[in-house]
Undergrad: 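One structure is given below, represented as structure tokens, and several questions about it will come after.
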Amino acid sequence: MPELPEVETIRRGLAGPITGRTIKRIRIVDPRVVKAPGPAEFVRLVTGRRIVGLRRRGKYLCLDLEPAGHLLVHLKMSGRLLHRRLSKKAGARVPTGLGHLLLFLDDGFLLYYHDTRRFGGFHYRTDDPFPALALGPEPLDPDFSPARWRRILVGRQARIKSLLLDQQAVAGLGNIYAAEALFRAGIRPDRPAGSLSGAEAGRLYRSMRAVLKEALAAGGTSIQDYRQADGRSGLFQVSLRVYGRRGEACPCCGVPIKACREGSRTTYFCPGCQH
DNA sequence: CCGTAGACTTGTGGTA
DNA sequence: CCGTCACAAGTCTACG
């Protein structure tokens with residue numbers, strides 16, 4: 001699911017409401033979403049801690065706790081991180097099937113994780129987990145310059161679509177935004193990364209940042225599972241130009257969009273516009 | 001270094 | 001209509 005715009009939308013939606021709240025109680029509905037440590041130890045460590053910050057790096061979120069500790073969260077394909085007020089009625093029960101990990105907060109709200117596939121989940125860490133993630137630069141950071149992007153491409157034989165998905169090259173793009181950025185830049189997904197001209201690298205730099213910013217402004221792309229922290233869908237799915245549009249006419253030139261296999265991922269591109 | 005395949009897991013949609 | 005298969009926003013590992 002969630003690529004940079006979706007994860008950042010969730011972070012923005014949650015940061016204000018949960019910062020300063022204490023985790024009063026934890027219910028683990030499916031232990032597979034607690035990746036480390038074991039469930040009992042997780043409950044013991046995290047219960048009673050206060051949330052003092054929520055940060056994002058690439059597609060990861062980190063809940064900073066006090067006394068010092070961290071919850072590293074990755075949503076993988078189908079994870080949702082949601083926040084809602086619990087019913088105030090005495091004896092009201094949390095609906096079953098709401099989520100797979102429930103964190104009851106001291107203001108009567110529930111912060112909960114739901115993941116159909118259980119690929120994603122929570123890691124408890126003593127130290128800040130971000131430095132150890134070995135991720136590439138944040139594409140929307142002010143320090144991420146066109147020159148830095150050109151240095152990432154130079155000499156690379158890997159196909160440009162694979163490199164955009166490589167979180168160690170640049171952090172946060174996934175299958176949707178990699179395809180959309182390449183379409184906007186007019187570059188075929190199977191080009192060797194190092195074969196891009198200076199002008200092409202510049203176009204890709206701008207299109208990658210533009211599509212991420214537009215998707216963020218739209219609250220992300222909801223195709224199946226992704227939801228914002230308050231449960232609303234994102235809106236960017238209507239603005240996708242090639243992803244998921246095999247056989248449809250290209251919005252620029254009218255040629256049918258093609259799909260091909262890149263590794264084990266489907267990639268979409270316009271054979272008329274992308275060279 | 002690069003590519004592919006498989007693993008994790010469940011739901012959905014198209015096809016036979 | 002039902003069963004089966006392919007496929008899905010991500011990452012990690014193994015292997016050639």
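Chain naming here is simple, since letters A, B, ... match the order of the sequence lines and numbering starts at 1 in each.
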Undergrad: Just to verify, which of A:Arg55, A:Arg56, A:Lys59 counts as forming a salt bridge (Lys or Arg N to Asp or Glu O under 4.0 Å) with A:Glu8?
TA: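 That would be A:Arg56.
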Undergrad: Start at the 5' end of DNA chain B and walk down; is the nucleotide closest to A:Ser162 or to A:Arg32 reached first?
TA: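 The residue closer to the strand's 5' end, by nearest nucleotide, is A:Ser162.
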Undergrad: For A:Leu61 and C:dG10, give me the distance from atom CG to atom P, rounded to whole Å.
TA: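 One finds 15 Å between P of C:dG10 and CG of A:Leu61, rounded.
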Undergrad: Hey, is the main chain of A:Ala171 close enough, under 3.5 Å, to the side chain of A:Glu138 for a donor-acceptor pair?
TA: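 Pair absent, no side-chain N/O of A:Glu138 close to backbone of A:Ala171.
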Undergrad: Without decimals, in angstroms, what is the distance between A:Leu135 CG and C:dG10 P?
TA: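 Distance check: A:Leu135 CG to C:dG10 P gives 14 Å.
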Undergrad: Under a plain distance cut-off of 3.5 Å, with no hydrogens placed, do A:Arg118 and A:His100 share a side-chain donor-acceptor pair?
TA: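 Yes, a side-chain donor-acceptor pair sits under 3.5 Å.
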Undergrad: So if I take residues 233-251 of chain A and measure heavy-atom distances to DNA chain B, which residues fall below 4.0 Å?
TA: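 Per residue number, the list is empty: none.
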Undergrad: Check whether any side-chain nitrogen or oxygen of A:His74 sits under 4.0 Å from OP1 or OP2 of C:dT11, and answer yes or no.
TA: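 So the side chain of A:His74 is within the cut-off, an N or O lying under 4.0 Å from OP1 or OP2 of C:dT11.
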Undergrad: By centroid distance (under 5.5 Å) and plane angle (under 30°), are A:Phe119 and C:dT11 in a stacked arrangement?
TA: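 A:Phe119 vs C:dT11: stacking no.
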Undergrad: Which is true for A:Thr221 with a 4.0 Å heavy-atom rule: it touches a base, it touches only sugar-phosphate, or it touches nothing?
TA: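 Base, at least one base atom sits under 4.0 Å.
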Undergrad: In whole Å, I'd like the distance from the CG atom of A:Asp115 to the P atom of B:dC8.
TA: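 Those two atoms, CG and P, are 16 Å apart.
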Undergrad: Distance check: side-chain N/O of A:Arg118 vs OP1/OP2 of C:dG10, anything under 4.0 Å?
TA: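 Result: no.
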Undergrad: With a 3.5 Å cut-off and no angle check, do the side chains of A:Ser207 and A:Arg203 form a donor-acceptor pair?
TA: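 No, because no side-chain N or O of A:Ser207 sits under 3.5 Å from a partner of the opposite role on A:Arg203.
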Undergrad: Expressed as a whole number of Å, how far does the P atom of C:dT11 sit from that of B:dG11?
TA: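 These two P atoms come out 22 Å apart once rounded.
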Undergrad: A:Arg159 side chain: which of C:dA8, C:dT11, B:dT4 is closest?
TA: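 The listed nucleotide nearest to A:Arg159's side chain is B:dT4.
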Undergrad: What I want to check is whether the side chains of A:Arg261 and A:Thr267 have a donor and an acceptor closer together than 3.5 Å.
TA: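 Not at all, the side chains of A:Arg261 and A:Thr267 share no donor-acceptor pair under 3.5 Å.
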Undergrad: Under 6.0 Å between ring centres: does that hold for A:Phe122 and A:Tyr113?
TA: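 Centroid separation for A:Phe122 and A:Tyr113: below 6.0 Å.
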Undergrad: How many whole angstroms separate atom CD of A:Gln168 from atom C1' of C:dG10?
TA: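 Going from A:Gln168 (CD) to C:dG10 (C1'), I get 14 Å.
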Undergrad: Measure CD/A:Glu262 against C1'/B:dA5 and give the value in whole Å, please.
TA: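 These atoms are roughly 14 Å apart.
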Undergrad: Side chain of A:Glu180, backbone of A:Ile176: donor and acceptor closer than 3.5 Å?
TA: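 Flag not set: sc A:Glu180 to bb A:Ile176 has no pair under 3.5 Å.
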Undergrad: P atom, C:dG3 versus B:dT9: distance in rounded Å?
TA: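 Their P atoms lie roughly 24 Å apart.
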Undergrad: Can you identify which nucleotide, out of B:dG3, C:dT11, B:dT10, has its nearest atom closest to the A:Thr116 side chain?
TA: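 Out of B:dG3, C:dT11, B:dT10, the nucleotide with an atom closest to A:Thr116's side chain is B:dT10.
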Undergrad: Expressed as a whole number of angstroms, how long is the span from A:Leu75:CG to C:dA8:C1'?
TA: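 Those two atoms, CG and C1', are 15 Å apart.
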Undergrad: Would you kindly give the NZ-to-P distance between A:Lys76 and C:dC12, to the nearest whole Å?
TA: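 Nearest whole value for this atom pair: 6 Å.
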Undergrad: Whether the A:Ser145 and A:Tyr205 side chains hold a donor-acceptor pair (N or O, under 3.5 Å, no angle test) is what I'd like checked.
TA: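 No, because no side-chain N or O of A:Ser145 sits under 3.5 Å from a partner of the opposite role on A:Tyr205.
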Undergrad: Side-chain donor-acceptor pair under 3.5 Å between A:Arg49 and A:Tyr124, yes or no?
TA: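 The criterion, which ignores hydrogens and geometry beyond distance, is satisfied for A:Tyr124 and A:Arg49.
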Undergrad: Check every atom of C:dA8, C:dT11, B:dT10 against the side chain of A:Arg261 and return the nucleotide holding the closest atom.
TA: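 Among the listed nucleotides, the one closest to the side chain of A:Arg261 is C:dA8.
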Undergrad: Consider the side chain of A:Arg265, meaning its heavy atoms from C-beta on, and name the nucleotide among C:dT11, C:dA8, B:dC2 that approaches it most closely.
TA: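 Nearest to the side-chain atoms of A:Arg265, counting from C-beta on, is C:dT11.
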Undergrad: It should be established whether A:Arg117 places a side-chain nitrogen or oxygen under 4.0 Å from OP1 or OP2 of nucleotide B:dC8.
TA: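 No, because none of the side-chain N or O atoms of A:Arg117 sits under 4.0 Å from OP1 or OP2 of B:dC8.
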Undergrad: Can you give me the dot-bracket string for DNA chain B, 5' to 3', counting Watson-Crick and G-U wobble pairs with both distances under 3.5 Å, using [ ] for crossing pairs and | for partners on another strand?
TA: .|||||||.||||...
Undergrad: Would you check if A:Thr19 and A:Arg21 make a side-chain contact, meaning some heavy-atom pair closer than 4.5 Å?
TA: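 A:Thr19 does not reach A:Arg21 side chain to side chain.
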Undergrad: Taking atom P in both C:dA8 and B:dT4, compute the distance separating them and give it to the nearest angstrom.
TA: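 These two P atoms come out 15 Å apart once rounded.
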Undergrad: Using the side-chain contact (heavy atoms from CB on, under 4.5 Å) rule, pick out the option among A:Phe183, A:Tyr268, A:Phe269, A:Tyr177 that qualifies with A:Tyr243.
TA: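 That would be A:Tyr268.
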Undergrad: Check the distance between B:dG3's P and A:Gln157's CD and give it to me in whole angstrom.
TA: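 Nearest whole value for this atom pair: 9 Å.
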Undergrad: What integer number of Å spans the P atoms of C:dC2 and B:dT10?
TA: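 About 23 Å, rounded to a whole number of Å.
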Undergrad: Judged by each residue's nearest nucleotide on DNA chain B, which is more toward the 5′ side, A:Gly155 or A:Gln224?
TA: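 Whichever sits nearer the 5' end wins; that is A:Gly155.
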Undergrad: Report yes if a side-chain nitrogen or oxygen of A:Gln167 is closer than 4.0 Å to either non-bridging phosphate oxygen (OP1 or OP2) of C:dT11; otherwise report no.
TA: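 Affirmative; the distance criterion is met.
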